[in-house]
Amino acid sequence: MNLKKIVQHSALIIVLGSIIGLLSNLGLIKRYFRGEFRHAFISKEEYPSITFISLEEAEELFSKGETLFIDSRDKKDFREGHILGAVNIPFVQHKEKGLDLHFVPRQKTLVVYCDGSECQSSVALSKVLHKKGFAPIKVFFGGWKEWQKKRLPVERGDDSK
Amino acid sequence: MIRNRNVLLVLRVIVGGVFIWAGILKILDPLEFTQGIANYRVFPQFISFSLALVLPWLEVICGFFIIAGIFRKASAFLVSCLLAGFLVLVFSAILRGLDIDCGCFGSLSRKADYKLILIDSLLLLFTLNIFFSRKTART
């Protein structure tokens with residue numbers, strides 16, 4: 001079989017796959033263009049108690065003092081600096097079962113953050129917390145970078161949990 | 001290079017079966033797969049989303065075609081390209097120190113590590129064998 005035939009057949013398969021893929025996900029595509037997955041690709045139906053908040057909203061919740069801030073970065077990053085009063089739950093994929101969550105209060109709003117908009121551990125940890133029944137959970141997407149940039153209250157060292 | 005038609009048939013069933021299985025798991029949860037692609041931090045959000053909608057169907061179609069012997073060369077060519085792409089992505093994730101899921105089997109994904117590189121390389125080897133095999137491999 002010559003190369004031209006292989007390319008033609010490959011193109012045909014790609015077109016077929018694309019048509020089926022797009023047609024079978026029209027609902028999801030509409031939701032995407034409505035901006036539902038702007039921060040992360042999680043479904044509102046599956047995780048109704050997870051919302052995303054801005055720096056201003058995180059600051060407001062911080063000043064009210066009724067919120068537990070959870071830092072999902074690793075221990076080293078946390079020790080070097082974190083939001084004042086935050087606790088550290090380092091999120092490592094594939095080790096979700098070993099997460100120690102006994103100290104997380106069920107009656108408080110949880111604000112989960114990591115490094116910034118590029119990191120995904122805050123979203124991944126929020127999903128685990130949601131599955132364990134914690135709610136409401138707010139993901140502070142700007143994370144440590146935004147908080148630090150605005151010179152909001154921070155501290156160093158390990159947490160006191 | 002393997003020329004025995006029975007062994008080639010086994011290779012086709014293995015490669016085709018793995019791709020059909022992987023594709024179906026992703027089709028069932030496209031958002032999980034989108035997040036899986038986004039975790040590699042290589043593509044912009046829109047590209048990750050588009051790939052997540054189309055790639056699983058390509059995997060299922062190619063997997064089915066490889067087993068059924070329809071457009072066998074083209075399907076094996078596309079699967080080889082996909083596997084080569086996965087290998088580059090996983091390798092780059094390891095080099096950048098990313099501790100992430102491979103995203104290859106939907107919610108059943110395993111860690112993107114050297115073991116995965118070994119598995120993908122083996123599948124690539126099988127697929128290249130299918131691609132370069134002659135038509136007599138048809139059952």
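Since we're looking at a predicted model, the values are computed, not measured.
- When heavy atoms are compared at a cutoff of 4.5 Å, B/Phe65 approaches chain A solely by way of its side chain, counted from C-beta outward.
- Residue A/Ser121 does not touch chain B at all, counting heavy-atom pairs closer than 4.5 Å.
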Evaluate side-chain contact (heavy atoms from CB on, under 4.5 Å) for B/Asp113 paired with B/Ile117, printing each intermediate quantity in order. CA-CA 7 Å; B/Asp113 57 8; B/Ile117 287 190; over 6 Å; no

Evaluate side-chain contact (heavy atoms from CB on, under 4.5 Å) for B/Arg12 paired with B/Arg72, printing each intermediate quantity in order. CA-CA 9 Å; B/Arg12 279 165 52 198; B/Arg72 186 174 48 86; 4.3 Å; yes

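- Among A/Val7, A/Ile42, A/Ile29, the residue with the largest count of heavy-atom pairs under 4.5 Å with chain B is A/Ile29.
- Side chains of A/Ser54 and A/Glu57: a donor on one and an acceptor on the other come within 3.5 Å.
- Classification of the B/Phe19-B/Phe86 ring pair by plane angle, with boundaries at 30° and 60°, yields parallel.
- Checked by atom type and distance alone, the side chain of B/Asn129 never pairs as donor or acceptor with a backbone atom of B/Leu125 at under 3.5 Å.
- Within the 4.5 angstrom heavy-atom criterion, no atom of B/Ser50 approaches chain A.
- Using a 4.5 Å cut-off between heavy atoms, B/Leu53 contacts chain A through both its backbone and its side chain.
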